[in-house]
Q: 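Here it is, the structure, as structure tokens.
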Number of protein chains: 2
Amino acid sequence: MATRGPYAKGVAKREEILSKALEVIARQGYRKTSTRELAAAVGLSEAGLLHYFGSKEKLFEAVLRARDEADTARLGDELDVIDKLGAVVRHNADVPGLVQLYSTFSTEAGDPQHGAHEYFVERYQRLRAALAASVRARQADGTMSTAADPEKIATLLIAVSDGLQIQSQYRLDAEPADVLDHLVELLGAG
Amino acid sequence: MATRGPYAKGVAKREEILSKALEVIARQGYRKTSTRELAAAVGLSEAGLLHYFGSKEKLFEAVLRARDEADTARLGDELDVIDKLGAVVRHNADVPGLVQLYSTFSTEAGDPQHGAHEYFVERYQRLRAALAASVRARQADGTMSTAADPEKIATLLIAVSDGLQIQSQYRLDAEPADVLDHLVELLGAG
DNA sequence: GTCTATACCAAGATAGAC
DNA sequence: GTCTATCTTGGTATAGAC
């Protein structure tokens with residue numbers, strides 16, 4: 001039962017699929033992207049496509065992981081986590097299809113049976129911990145109110161960022177990132 | 001060509017469908033609830049069920065409208081809109097199926113082609129206007145910081161409430177309503 | 001009691017997941 | 001190819017306005 005791992009060709013194809021999937025989804029949204037269409041776009045049969053990821057759910061989970069990695073690579077280590085969150089929200093405004101993928105997927109994976117449920121559980125835990133640490137650091141150097149509860153503010157910041165992405169799909173006048181900035185600014189006083 | 005309006009029988013059936021739909025969704029989630037199953041639960045064929053609502057999307061839109069009305073009826077006119085939002089978030093914690101329906105639906109209806117898109121556009125506009133008015137009222141009687149921008153805070157409060165419902169599906173320690181309360185409390189200072 | 005919109009069903013077209 | 005899902009087509013039966 002020696003497990004052999006992916007061949008170089010498979011790794012390359014995997015990456016091609018992810019980047020193509022991102023492109024197609026960004027153009028036409030998540031719900032309208034079928035595995036059939038995606039398969040055609042990368043020159044594979046449906047079975048061939050699913051061979052790499054096992055299921056549609058896992059494929060989209062991989063797309064989101066790739067996006068997280070791209071965000072991390074793009075933003076570097078200059079900003080603290082709260083500022084990064086703002087930068088990502090700002091950047092996302094230019095990629096509506098991806099926003100829809102993230103929103104739809106994070107919502108439907110709320111079902112513990114969903115293939116990507118654990119991915120989001122871990123992602124949210126990691127994000128909350130990092131944001132809470134950033135809140136504490138800001139409180140220590142006096143740039144955030146000490147009345148704020150770090151854990152609750154961490155949860156709040158994620159909620160704001162998720163919720164703004166949903167609202168932004170419905171003729172929202174304000175820029176989502178500006179609303180988030182306003183919150184951080186108000187939390188700085190006091 | 002005179003349009004005759006629904007018969008008494010139809011009105012009753014419509015209500016039965018809405019309440020049964022809520023029940024079924026609460027038990028097994030939104031995505032796993034098919035029109036076939038729903039039709040069986042109310043003793044109709046699929047075509048008979050769709051006769052009332054036209055499409056699955058419109059049916060679930062009707063469920064959400066009914067929930068909004070129930071919330072309004074239950075809460076009365078004692079509370080101002082911000083407090084009502086908190087009360088609804090608190091109440092929703094007891095109806096997990098509804099939370100999933102609302103989250104999933106509000107997300108996938110982000111597509112302008114979606115049957116319920118206009119419903120959410122109007123709902124968000126109405127909510128934002130009401131919340132902004134409440135912010136201004138609080139600023140006038142000194143219970144909210146005048147540094148807060150009423151429009152942005154209105155958008156923010158909705159985002160928080162939507163985002164918390166998503167996060168609550170992923171092993172969130174804090175009570176969503178407590179996080180919202182914490183925000184309102186912090187906005188009161190200053 | 002007539003008439004027609006409403007209430008409902010059987011079968012199938014279409015399309016996506018796998 | 002198979003299975004499952006939404007929704008359409010083309011009907012019959014009945015409620016209830018006149």
Side-chain angles (χ1 to χ4, degrees), chain A residues 10 13-14 17-18 20-21 24-25 27-64 97 100-101 104-105 107-109 111 113-117 119, chain B residues 1-21 24-25 27-64 97 100-101 104-105 107-117 119:
Chain A
K13 197 70 189 177
R14 228 185 118 93
I17 293 169
L18 288 181
K20 202 78 184 178
V24 174
I25 291 164
R27 185 162 6 99
Q28 63 187 357
Y30 159 67
R31 299 210 75 229
K32 284 182 193 152
T33 304
S34 63
T35 48
R36 182 164 311 183
E37 196 176 358
L38 231 35
V42 292
L44 287 177
S45 68
E46 280 183 69
L49 174 69
L50 289 180
H51 156 73
Y52 286 98
F53 299 95
S55 69
K56 194 189 183 194
E57 289 170 358
K58 287 294 179 190
L59 163 58
F60 286 122
E61 176 185 324
V63 171
L64 289 179
Q100 234 217 336
L101 167 62
T104 312
F105 213 59
T107 310
E108 69 180 41
D111 180 348
Q113 307 279 301
H114 192 284
H117 186 76
Y119 164 67
Chain B
M1 7 201 276
T3 167
R4 202 180 288 186
Y7 298 162
K9 191 185 179 186
V11 173
K13 198 72 189 176
R14 231 186 122 91
E15 270 170 37
E16 186 196 335
I17 293 168
L18 290 180
S19 97
K20 204 77 185 178
V24 174
I25 292 164
R27 187 161 6 99
Q28 64 186 354
Y30 160 67
R31 300 211 73 235
K32 285 182 194 155
T33 303
S34 64
T35 50
R36 180 165 312 183
E37 201 174 356
L38 228 36
V42 293
L44 287 176
S45 68
E46 281 187 70
L49 176 70
L50 289 180
H51 157 72
Y52 286 101
F53 300 96
S55 70
K56 193 193 182 188
E57 290 171 355
K58 286 294 179 190
L59 162 58
F60 285 122
E61 175 186 325
V63 170
L64 289 181
Q100 231 218 338
L101 167 62
T104 313
F105 211 60
T107 308
E108 71 180 41
D111 181 348
Q113 307 280 303
H114 192 285
H117 186 76
Y119 163 67

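What's counted below: heavy atoms across the whole structure, side chains too, no hydrogens, waters or symmetry copies. The sequence lines fix the lettering, A, B, ..., with proteins before strands; numbering per chain opens at 1. Only a predicted model underlies this, so the values are computations on that prediction, with no experimental measurement involved.
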Q: Mind running side-chain contact (heavy atoms from CB on, under 4.5 Å) on B:V63 and B:F105 for me, showing each step along the way?
A: CA-CA 11 Å; B:V63 170; B:F105 211 60; over 6 Å; no
Q: Using 0.5 Å steps for rounding, measure from the NZ atom of B:K13 to the NE2 atom of B:H51.
A: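 Going from NZ on B:K13 over to NE2 on B:H51, the span is 11.5 Å.
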Q: Starting at CG of B:L38 and ending at C1' of D:dT4, how long is that distance when rounded to a whole Å?
A: 16 Å
Q: Using the closest heavy atom to pick a nucleotide of DNA chain D for each, name whichever of B:Y7 or B:A47 lands nearer the 5' end.
A: B:A47
Q: Between B:E108 (CD) and D:dA5 (C1'), how many Å, whole number?
A: 14 Å
Q: When the distance from NZ of B:K32 to P of D:dT4 is rounded to whole Å, what number comes out?
A: 15 Å
Q: Over how many whole Å does the gap from B:Q28 atom CD to D:dA5 atom P extend?
A: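 Computing the B:Q28:CD to D:dA5:P distance gives 11 Å.
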Q: To the nearest 0.5 angstrom, please state how far the CD1 atom of A:I25 sits from the CZ atom of A:F60.
A: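 Between A:I25 CD1 and A:F60 CZ, I get 4.0 Å after rounding to 0.5 Å.
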Q: Using whole Å, what does the distance between atom C1' of nucleotide D:dT6 and atom NZ of B:K58 come to?
A: 16 Å
Q: So, taking the atom named NE2 in A:H114 and the one named OH in A:Y119, what distance separates them when rounded to the nearest 0.5 Å?
A: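 Those atoms lie 12.5 Å apart.
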Q: Which distance, rounded to the nearest 0.5 Å, do you find between the CD of B:E15 and the NZ of B:K20?
A: 14.5 Å
Q: With the sugar-phosphate defined as primed atoms, P, OP1 and OP2, and the base as all remaining atoms, what B/S/- string results for nucleotides 13-18 of chain C, 5' to 3', for protein heavy atoms under 4.0 Å?
A: ---BBB
Q: Nearest-Å distance, OH (B:Y30) to P (D:dA5)?
A: 14 Å
Q: Would you mind telling me which residue lines up with the more 5' stretch of DNA chain C, B:G5 or B:G43, judged by nearest nucleotide?
A: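 Nearest nucleotide further toward 5': that of B:G5.
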Q: Rounded to the nearest 0.5 Å, what's the gap from CG on B:L18 to CG on B:L64? Could you check?
A: 10.5 Å
Q: Taking CG from B:L49 and P from C:dA7, how many angstroms apart are they, rounded to a whole number?
A: 13 Å
Q: Taking side chain to side chain contact (heavy atoms under 4.5 Å, CB included) as the criterion, tell me which of A:L49, A:L38, A:T35 meets it with A:K56.
A: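 Looking at A:L49, A:L38, A:T35, the match for A:K56 under the side chain to side chain contact (heavy atoms under 4.5 Å, CB included) is A:T35.
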Q: Quick one: B:R4 CZ to C:dT4 C1', roughly how many Å, whole number?
A: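 It works out to 5 Å between those atoms.
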Q: Check whether any side-chain nitrogen or oxygen of B:S45 sits under 4.0 Å from OP1 or OP2 of C:dA7, and answer yes or no.
A: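 For C:dA7, OP1/OP2 do not have a side-chain N/O of B:S45 under 4.0 Å.
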